[in-house]
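Here the structure comes first, spelled out in structure tokens, and everything after it is commentary.
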Number of protein chains: 2
Amino acid sequence: MISGKFLLGRGRHELSDEEQRVLEDSIGSVRQVAARKQIVRAGVIIDTSTLLLEGFVCRYMDDRDGQRQLVAVHVPGDFVDLHAFPMRRLDHDIATLGPVKIACYDHQTLETITERYPHLTRKLWFSTLLDAAMHREWIFRLGRLGAEGRVAHLFCELNERLEMVGLAADGRYMLPMTQPDIAEASGLTGVHVNRVLRSLREKNLLTFKANEVCILDRKALAAVAEFEPQYLYGSNGP
Amino acid sequence: MISGKFLLGRGRHELSDEEQRVLEDSIGSVRQVAARKQIVRAGVIIDTSTLLLEGFVCRYMDDRDGQRQLVAVHVPGDFVDLHAFPMRRLDHDIATLGPVKIACYDHQTLETITERYPHLTRKLWFSTLLDAAMHREWIFRLGRLGAEGRVAHLFCELNERLEMVGLAADGRYMLPMTQPDIAEASGLTGVHVNRVLRSLREKNLLTFKANEVCILDRKALAAVAEFEPQYLYGSNGP
DNA sequence: CGTGCTCTTGAGGGTGATCAAGGATGGTGG
DNA sequence: CCACCATCCTTGATCACCCTCAAGAGCACG
């Protein structure tokens with residue numbers, strides 16, 4: 001089942017077999033996209049939404065000088081732009097980080113689902129609200145943490161999310177982001193991210209080299225990040 | 001119709017008369033709450049959601065030292081915590097700014113709506129996604145703007161939103177926020193907000209005194225704020 | 001008429017930006 | 001296969017923005 005990572009670790013088991021089948025059968029097409037390609041442009045009306053199957057995708061907005069601010073990073077199992085279904089057009093751009101595989105859902109198909117499967121609809125709704133919860137945490141990250149905390153927080157969040165879908169273990173995972181990418185996600189410059197990473201490395205908290213993240217001291221890193229994962233609404237939570 | 005501000009300026013006219021009646025008849029109770037009171041606490045399972053009728057409400061998270069970061073400000077017509085319906089518990093606290101009047105909706109009633117009125121459900125879903133869009137803009141604000149831009153952006157956004165519900169005109173509106181509140185929304189300190197406000201005043205862009213905001217030069221203020229209101233999905237947009 | 005809170009202003013310090021330059025890496029085309 | 005070019009990584013020096021600390025004035029409320 002290629003849609004099998006959707007809501008994995010976040011109550012996927014609450015979906016009935018029929019609902020899982022509906023999700024799988026509603027896939028319009030599966031596409032591969034190369035690294036660093038834009039896949040949705042802000043303001044354009046769209047009539048499909050994409051479930052991320054493999055790889056990483058980011059959402060971002062540009063400032064006046066063309067500087068990017070990442071507003072979200074998506075991992076496999078995320079319904080990247082499901083919110084385009086109720087909204088019709090997006091207020092931001094979406095691009096791939098590494099190469100990705102995505103499944104496309106026609107909005108017409110989704111509309112049929114909302115008419116026939118209210119419980120599944122509520123789960124789809126829920127999944128868009130997870131994005132909002134992560135947005136809020138990012139606001140907190142940028143508003144209240146210093147540079148080290150921001151970077152640490154990002155790595156903590158991704159570790160947690162990737163663990164849920166089986167793509168991280170023992171605090172290790174692959175992440176196709178550069179230091180400038182981290183900077184764009186953290187409201188910092190690439191230069192400063194470099195210094196922060198060195199500092200985290202020298203404190204034996206974390207290494208990040210050749211796209212591989214190794215969290216060496218999870219507890220201490222979480223402390224630096226003021227990271228408390230409840231906002232991710234994982235099934236294993238309280 | 002006391003629920004009449006819901007989605008006003010954002011496609012309320014797309015709701016049929018029947019849907020508007022359902023919304024109105026589904027109100028469980030109407031309550032008044034004093035200024036500076038917490039109305040929802042993070043982590044607690046809740047079974048009602050609240051539509052803001054009058055006054056202002058904020059959502060916030062605390063850092064380790066108990067410092068607040070506001071993640072949202074709500075104005076009349078906003079369904080403050082509708083996302084609690086699919087999520088069951090919230091990841092943050094909610095408190096009033098000034099005194100407010102709110103309408104409460106039982107989640108059981110909302111569940112009935114999702115079963116009988118798929119189109120209305122999609123509109124409710126949409127309204128929660130507006131919050132997410134504003135979250136994204138706040139991430140941008142904190143990540144890419146300096147102090148002046150952040151404060152200016154907040155005032156621009158509130159002006160736009162209050163205009164939609166008839167609570168702002170000519171760039172003037174009442175806002176029960178203090179300078180420390182603005183600081184908590186902008187990732188700054190109260191002291192620095194004070195300096196920023198003075199600077200904005202000296203540039204003849206804006207005044208903020210005794211809870212009244214007067215935008216003197218809308219265009220110039222929007223330029224400082226890099227404010228582009230498409231993300232608010234107003235009906236009058238392109 | 002105190003008692004807080006907010007607003008205001010000043011002085012000094014630290015975090016992270018900017019500017020600059022060299023080395024490493026990887027993709028592309030000859 | 002190798003030359004070339006772009007991008008990333010790394011480090012140093014300097015500077016600006018915003019925080020911290022401090023203190024007084026204004027104002028609402030009991």
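Quick caveat, the model's predicted, so the values are computed rather than measured. Residue numbering restarts at 1 for every chain, and letters A, B, ... go by the order of the sequence lines.
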message = Tell me whether the rings of A:Y231 and A:H153 are parallel (<30°), tilted (30 to 60°) or perpendicular (>60°).
response =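 Plane angle under 30°, so parallel.
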
A:F155 and A:F208 aromatic ring geometry - parallel, tilted or perpendicular at 30°/60° bounds =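 Correct class here is tilted.
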
request  = Output every pair passing side chain to side chain donor-acceptor pair (under 3.5 Å) with a member in residues 209-218 of chain B, not counting sequence neighbours, ordered by first then second residue.
outcome  =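 For residues 209-218 of chain B, and leaving out neighbouring residues, the side chain to side chain donor-acceptor pair (under 3.5 Å) pairs sorted by first residue read B:E163-B:R218.
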
request  = Answer with yes or no after comparing the ring centroid distance for B:F85 and B:Y105 against a 6.0 Å cut-off, counting only values under it.
outcome  =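 Ring centroids of B:F85 and B:Y105 are no less than 6.0 Å from each other.
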
ask   = Mind checking whether B:H135 and B:H92 have ring centres under 6.0 Å apart?
value =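 So the answer is no for these two rings.
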
ask   = Near DNA chain D, under 4.0 Å by heavy atom, which residues of residues 185-206 of chain A?
value =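 Only A:V191, A:N194, A:R195, A:R198 qualify.
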
Determine all donor-acceptor pairs shorter than 3.5 Å in which one atom belongs to a side chain in residues 178-197 of chain B; sequence neighbours excluded.
{"residue": "B:T178", "atom": "OG1", "partner": "B:D181", "partner atom": "N", "Å": "3.2"}
{"residue": "B:T178", "atom": "OG1", "partner": "B:D181", "partner atom": "OD2", "Å": "3.2"}
{"residue": "B:Q179", "atom": "OE1", "partner": "B:N194", "partner atom": "ND2", "Å": "2.9"}
{"residue": "B:D181", "atom": "OD1", "partner": "B:R36", "partner atom": "NH1", "Å": "3.2"}
{"residue": "B:D181", "atom": "OD2", "partner": "B:R36", "partner atom": "NH1", "Å": "3.1"}
{"residue": "B:D181", "atom": "OD2", "partner": "B:R36", "partner atom": "NH2", "Å": "2.7"}
{"residue": "B:D181", "atom": "OD2", "partner": "B:T178", "partner atom": "N", "Å": "2.9"}
{"residue": "B:E184", "atom": "OE1", "partner": "B:R68", "partner atom": "NE", "Å": "3.1"}
{"residue": "B:E184", "atom": "OE1", "partner": "B:R68", "partner atom": "NH2", "Å": "3.3"}
{"residue": "B:S186", "atom": "OG", "partner": "B:I182", "partner atom": "O", "Å": "2.8"}
{"residue": "B:T189", "atom": "OG1", "partner": "B:H192", "partner atom": "N", "Å": "3.3"}

Tell me: [atom1] of [X] to [atom2] of [N], nearest whole Å?
X      : N      : atom1 : atom2 : answer
B:E184 : C:dC5  : CD    : C1'   : 14 Å
A:N211 : D:dT7  : CG    : P     : 17 Å
B:K209 : C:dT6  : NZ    : P     : 15 Å
A:E148 : C:dG14 : CD    : P     : 17 Å

Residues touching DNA chain C, which here means a heavy atom under 4.0 Å, drawn from residues 56-73 of chain B =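 Close to the strand, none.
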
message = Does D:dT7 have OP1 or OP2 under 4.0 Å away from a side-chain N or O of A:Q179?
response =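 For A:Q179, the contact criterion (side-chain N or O under 4.0 Å from OP1 or OP2 of D:dT7) is not met.
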
query = Which nucleotide in the list D:dT10, D:dC8, C:dC7 gets nearest to the side chain of B:T178?
reply =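 Within the option list, the nearest is C:dC7.
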
inquiry  = Could you work out how much the helix from C:dC1-D:dG30 to C:dG30-D:dC1 bends, comparing the axis of its first five pairs with that of its last five, to 10°?
reply    =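 The end axes of the helix from C:dC1-D:dG30 to C:dG30-D:dC1 are about 50° apart, to the nearest 10°.
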
task = May I ask you to say whether A:E137 pairs ionically with A:R141, meaning some side-chain N is under 4.0 Å from a carboxylate O?
result =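 Salt bridge: no.
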
Atom pairs under 3.5 Å: protein N/O with N/O of nucleotides 28-30 of chain D:
none

